Enquirer: 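Mind having a look at this structure? Questions to follow.
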Protein chains: 2
Amino acid sequence: MPPGLLHVQIKGKPNSLDIAHLAGVSQATVSRALRGHASVNRATRERILEVAKQLNYKVDKNASNLRTQQSGTLALLLFEDPTVDESNINPFFLSMLGSITRACAQRGYDLLISFQQLSRDWHADYEDCHKADGLILLGYGDYLDYRSRLEALVAQGTHFVRWGAVLADQPGLSIGGDNDAGGLAATRHLLAQGRRRIGFLGHASLHAPEFLERHQGYAAALREAGLTPDPLLQADAISTESAGSEAANLVLERGARCDALFAASDLIAIGAMRALFARGLRVPEDVAVVGYDDIPMAQSTHPALTTVQQDTRHAGELLVDALLRMVQGEAVQSIKLPPRLMVRQSCGAVLQPARAPATVTPLPEGTRRTRRHAR
Amino acid sequence: MPPGLLHVQIKGKPNSLDIAHLAGVSQATVSRALRGHASVNRATRERILEVAKQLNYKVDKNASNLRTQQSGTLALLLFEDPTVDESNINPFFLSMLGSITRACAQRGYDLLISFQQLSRDWHADYEDCHKADGLILLGYGDYLDYRSRLEALVAQGTHFVRWGAVLADQPGLSIGGDNDAGGLAATRHLLAQGRRRIGFLGHASLHAPEFLERHQGYAAALREAGLTPDPLLQADAISTESAGSEAANLVLERGARCDALFAASDLIAIGAMRALFARGLRVPEDVAVVGYDDIPMAQSTHPALTTVQQDTRHAGELLVDALLRMVQGEAVQSIKLPPRLMVRQSCGAVLQPARAPATVTPLPEGTRRTRRHAR
DNA sequence: GGCGAAGCTGAAAACGTTTACACGCGCGCA
DNA sequence: TGCGCGCGTGTAAACGTTTTCAGCTTCGCC
């Protein structure tokens with residue numbers, strides 16, 4: 001115990017009353033001083049702060065949250081496809097998680113995270129019991145299954161934002177990439193490389209709205225070029241490598257000619273590339289491949305994966321800001337973020353040898369990228 | 001409002017008193033019923049539960065935590081090297097984060113996460129203000145800088161566990177991989193492939209204790225083989241790709257012969273491989289490479305990275321269990337987890353073509369692995 | 001000198017739980 | 001009849017804040 005202070009024995013953790021006694025003021029004044037109320041006299045405030053520091057006093061958040069009826073905390077609910085191996089989370093969502101965590105920290109909020117199976121009861125949990133002021137929903141959402149839950153949330157007045165496809169009639173607020181534009185850009189790019197028999201790997205149904213939108217962009221690009229999507233070249237897949245392998249195999253076994261694959265996610269693309277290699281096919285010479293998300297691994301695959309980047313950093317900040325504004329009662333709009341095509345090698349594009357264009361990942365000069373093509 | 005119930009108008013969120021009125025009992029009984037006290041009559045309990053459900057009543061965690069003085073929450077503090085690009089977290093720690101989240105959920109605890117710069121004041125935050133019952137510390141710890149903080153935590157009686165090097169005189173509890181054994185296994189393996197001029201990339205100082213331990217294992221393996229570590233073949237690096245590239249370049253520019261590199265982490269190894277490629281060197285033919293951690297990307301590099309796996313899933317469970325036991329006042333021991341060598345292609349090992357041994361990542365048969373070597 | 005205003009501070013009432021304690025009731029048993 | 005004992009329930013006191021309201025100085029100004 002600090003020696004210079006009055007002889008008051010503190011049992012366990014000090015509370016504001018202890019500080020008050022030691023500083024010779026009332027407990028109310030301690031509270032005011034600590035929260036920076038302008039009304040408390042400067043000398044008094046400093047004395048209080050000094051005592052508080054000496055005793056390592058910290059305001060009890062439970063008490064203060066209880067009183068103020070807010071928690072200074074947001075909750076992140078990460079929904080996983082129940083079929084996915086538990087131990088590996090989709091890297092794209094991990095990246096979102098990182099940026100959300102940072103955005104929260106910057107704004108002085110704590111972040112509670114929780115992995116959810118899409119199954120039960122989650123909608124009630126965090127805000128209702130005052131553990132969080134608002135919810136961030138993350139995951140490839142099964143739109144149909146989801147919908148009733150979202151409606152319940154809205155009806156309850158729960159504050160939440162959702163990462164995912166931005167659909168017109170969706171309950172609540174969504175922020176997501178412009179998947180349509182992404183699919184369009186990716187497919188146009190493949191067409192520009194001279195590919196004509198372009199497959200699509202990933203669910204194209206309302207159960208996976210972002211994949212569906214990517215497929216719509218894909219189909220639109222084909223039509224622009226006077227082509228029609230060939231059902232033989234499409235196969236469903238959730239966002240895992242193994243699903244990607246299976247989907248690619250399915251397409252290849254159908255026997256239809258195929259000179260490119262647009263995968264609805266990078267994991268699918270990577271799985272597909274594995275399957276192509278296993279059949280002795282070359283990427284991009286025989287089949288060009290483009291993915292979606294630009295997960296970190298996309299830079300390290302061989303050949304490096306051309307993909308559609310989603311700016312997770314920006315997205316995280318937008319999600320948090322939107323949610324905080326909702327919590328403060330402001331009206332907020334859904335947002336679509338523009339995607340960005342990252343051209344690497346898997347699409348078969350000829351890259352300028354001298355200086356790579358801005359959208360291409362910078363690599364040390366003379367790296368295997370050019371080497372490979374020169375061979 | 002549900003029609004069958006007494007006409008009591010509820011303003012905002014219902015509290016236990018509202019439930020009590022509607023169910024015709026005292027508020028205390030409501031509390032007891034909801035927490036499952038055996039003493040409350042079965043019929044009463046069911047009536048209460050029914051009312052609570054109808055009103056979508058949820059216990060206020062702030063109030064209940066305040067009363068019980070515990071939070072049902074753990075806090076995860078992730079320390080980052082301040083020099084690292086903000087947007088990318090070391091994938092190894094992301095994997096730990098995932099397994100810790102899951103372990104918490106399974107045990108009914110919530111998880112608060114927070115990225116910290118090793119800099120200031122963190123030690124006081126979460127448990128002191130009752131937001132969490134205990135802390136999990138994660139990150140390549142700068143031992144020297146760290147130490148005083150850990151001592152302060154111990155002195156304060158804060159409950160915490162730490163992932164990292166398990167050192168004899170460390171304050172508090174640590175759980176970590178057996179880095180010594182990992183370094184030994186990796187280096188022995190390279191020696192068994194006939195490599196003799198083996199470099200080490202990564203800090204070998206007390207500032208990075210896990211790297212230091214890996215280096216010790218490395219040195220021990222060399223000595224076993226009658227060799228001595230050559231200082232020309234060692235270069236410092238923090239755990240990033242760019243640091244790995246720089247370190248590899250540094251070693252190569254010194255001009256000493258080098259036929260293998262053992263990197264203290266996978267990110268370093270991947271960066272080193274980039275640097276090797278950029279100089280026209282082949283992996284593993286010219287320089288074999290082995291990493292550490294087995295991050296997901298290690299399977300997708302080209303050639304696939306041989307590395308030392310740390311079982312993050314198990315580690316996460318151990319961390320959480322240890323922490324919860326501490327919180328409950330039990331005595332807990334530090335633990336070292338055995339590492340596991342994952343042999344892939346970057347080390348130059350000759351893999352059985354027919355059936356891969358158990359420690360090798362299973363890939364679809366006929367994959368590029370064998371293809372490549374057959375070439 | 002009186003009066004209002006301004007500047008600080010203290011008393012006390014919430015916030016919504018959990019739980020020790022007391023109480024009432026019905027029953028078995030002496 | 002009286003006693004003791006369970007069983008179920010209610011009363012009330014915490015838990016540690018924040019904040020309204022009121023009160024006490026002190027001061028400036030007419």
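The structure displayed is predicted, hence computed values, not measured ones. Throughout, a chain's letter reflects where its sequence line sits, starting with A, and its residues are numbered from 1.
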Enquirer: B:T29 has a side chain; which of D:dC15, C:dT17, D:dG10 sits nearest to it?
Expert: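 Selected nucleotide: D:dG10.
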
Enquirer: My understanding is that only one of B:I19, B:N15, B:D18, B:L17 makes a side chain to side chain contact (heavy atoms under 4.5 Å, CB included) with B:Q27; could you say which?
Expert: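 Result: among B:I19, B:N15, B:D18, B:L17, B:L17 is the only option passing the side chain to side chain contact (heavy atoms under 4.5 Å, CB included) with B:Q27.
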
Enquirer: Base, sugar-phosphate, or nothing for B:S39, non-hydrogen atoms under 4.0 angstrom?
Expert: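 Base contact - B:S39 has a heavy atom under 4.0 Å of at least one base atom.
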
Enquirer: As an exercise, state the distance from CG of B:L319 to OG of B:S99, rounded to the nearest 0.5 Å.
Expert: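 Atom-to-atom, B:L319:CG and B:S99:OG are 7.5 Å apart.
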
Enquirer: Strictly below 4.0 Å: does A:T44 bring a side-chain N or O up to OP1 or OP2 of C:dT9?
Expert: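 Answer is yes, contact under 4.0 Å.
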
Enquirer: Whole angstrom is fine here: how far is it from NZ in B:K131 over to P in D:dT17?
Expert: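 So the NZ-P distance, B:K131 to D:dT17, works out to 15 Å.
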
Enquirer: In terms of the nearest nucleotide of DNA chain D, which residue is placed more toward the 5' end: B:A28 or B:L66?
Expert: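 Whichever sits nearer the 5' end wins; that is B:A28.
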
Enquirer: If you assign each of B:R42 and B:Q69 to its closest nucleotide in DNA chain D, which residue comes earlier from the 5' end?
Expert: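 By nearest-heavy-atom nucleotide position, the 5'-most residue is B:R42.
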
Enquirer: Roughly, in whole Å, what's the span from NE2 in B:H130 to P in D:dC15?
Expert: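 Going from B:H130 (NE2) to D:dC15 (P), I get 12 Å.
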
Enquirer: Look at B:S26 and D:dT9 and indicate whether a side-chain polar atom (N or O) is within less than 4.0 Å of OP1 or OP2.
Expert: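 The answer is no; no side-chain N or O of B:S26 sits under 4.0 Å from OP1 or OP2.
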
Enquirer: Under 4.0 Å between any heavy atoms, over every strand shown, what does B:S31 touch: base, sugar-phosphate, or nothing? Just pick one.
Expert: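 Base, at least one base heavy atom under 4.0 Å.
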
Enquirer: Return yes if some donor-acceptor pair links the side-chain N/O of A:S334 with the main-chain N/O of A:S174 below 3.5 Å, else return no.
Expert: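 Side chain of A:S334 to backbone of A:S174: a pair is present.
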
Enquirer: Between D:dT9 and B:Q27, is there an OP1 or OP2 to side-chain N/O distance shorter than 4.0 Å?
Expert: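 For B:Q27, the contact criterion (side-chain N or O under 4.0 Å from OP1 or OP2 of D:dT9) is not met.
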
Enquirer: What's the CG-P distance between A:N65 and D:dT18, to the nearest Å?
Expert: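 Roughly 10 Å, once rounded to whole Å.
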
Enquirer: Strictly distance-based, threshold 3.5 Å: is any side-chain N or O of B:R45 a donor or acceptor partner for the main-chain N or O of B:V40?
Expert: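 Pair found, side chain donor or acceptor close to backbone of B:V40.
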
Enquirer: Does D:dT17 have OP1 or OP2 sitting under 4.0 Å from an N or O in the side chain of A:S16?
Expert: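 Yes.
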
Enquirer: Answer yes or no: does a side-chain N or O of A:R67 lie under 4.0 Å from OP1 or OP2 of D:dC15?
Expert: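 Indeed not, no polar side-chain atom of A:R67 lies that close.
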
Enquirer: At under 4.0 Å between heavy atoms, what does A:R32 touch on the DNA or RNA strands: base, sugar-phosphate, or nothing?
Expert: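 Base contact - A:R32 has a heavy atom under 4.0 Å of at least one base atom.
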
Enquirer: Let me know the distance between CG of B:N62 and P of D:dT17, rounded to the nearest Å.
Expert: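 Rounded to the whole Å, the gap is 13 Å.
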
Enquirer: What nucleotide, of D:dT9, C:dG10, C:dT19, holds the atom closest to the side chain of A:V25?
Expert: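 Between D:dT9, C:dG10, C:dT19, the one nearest the side chain of A:V25 would be C:dG10.
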
Enquirer: Specify the separation, in whole Å, of atom CG of A:N41 and atom P of D:dC24.
Expert: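 Answer to the nearest Å: 19 Å.
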
Enquirer: Figure out the NZ/C1' separation between A:K58 and D:dT17, and round it to whole Å.
Expert: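 Value for this atom pair: 16 Å.
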
Enquirer: In whole angstroms, how far is the C1' atom of C:dT18 from the CG atom of B:D60?
Expert: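 Answer to the nearest Å: 13 Å.
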
Enquirer: Let me know the distance between NE2 of A:H37 and P of D:dT20, rounded to the nearest Å.
Expert: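 From A:H37 NE2 to D:dT20 P: 8 Å.
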
Enquirer: I'd like to know if A:D60 and A:K13 make a salt bridge, using a cut-off of under 4.0 Å between side-chain N and carboxylate O.
Expert: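 Result for this pair is no, no salt bridge flagged.
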
Enquirer: Tell me whether the OP1 or OP2 atom of D:dT19 has a side-chain N or O from A:R35 closer than 4.0 Å.
Expert: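 Checking A:R35 against D:dT19: at least one side-chain N or O falls below 4.0 Å of OP1 or OP2.
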
Enquirer: Quick one: does B:L34's side chain get under 4.5 Å of B:L49's, heavy atoms only?
Expert: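 Yes, at least one pair of side-chain atoms sits under 4.5 Å.
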
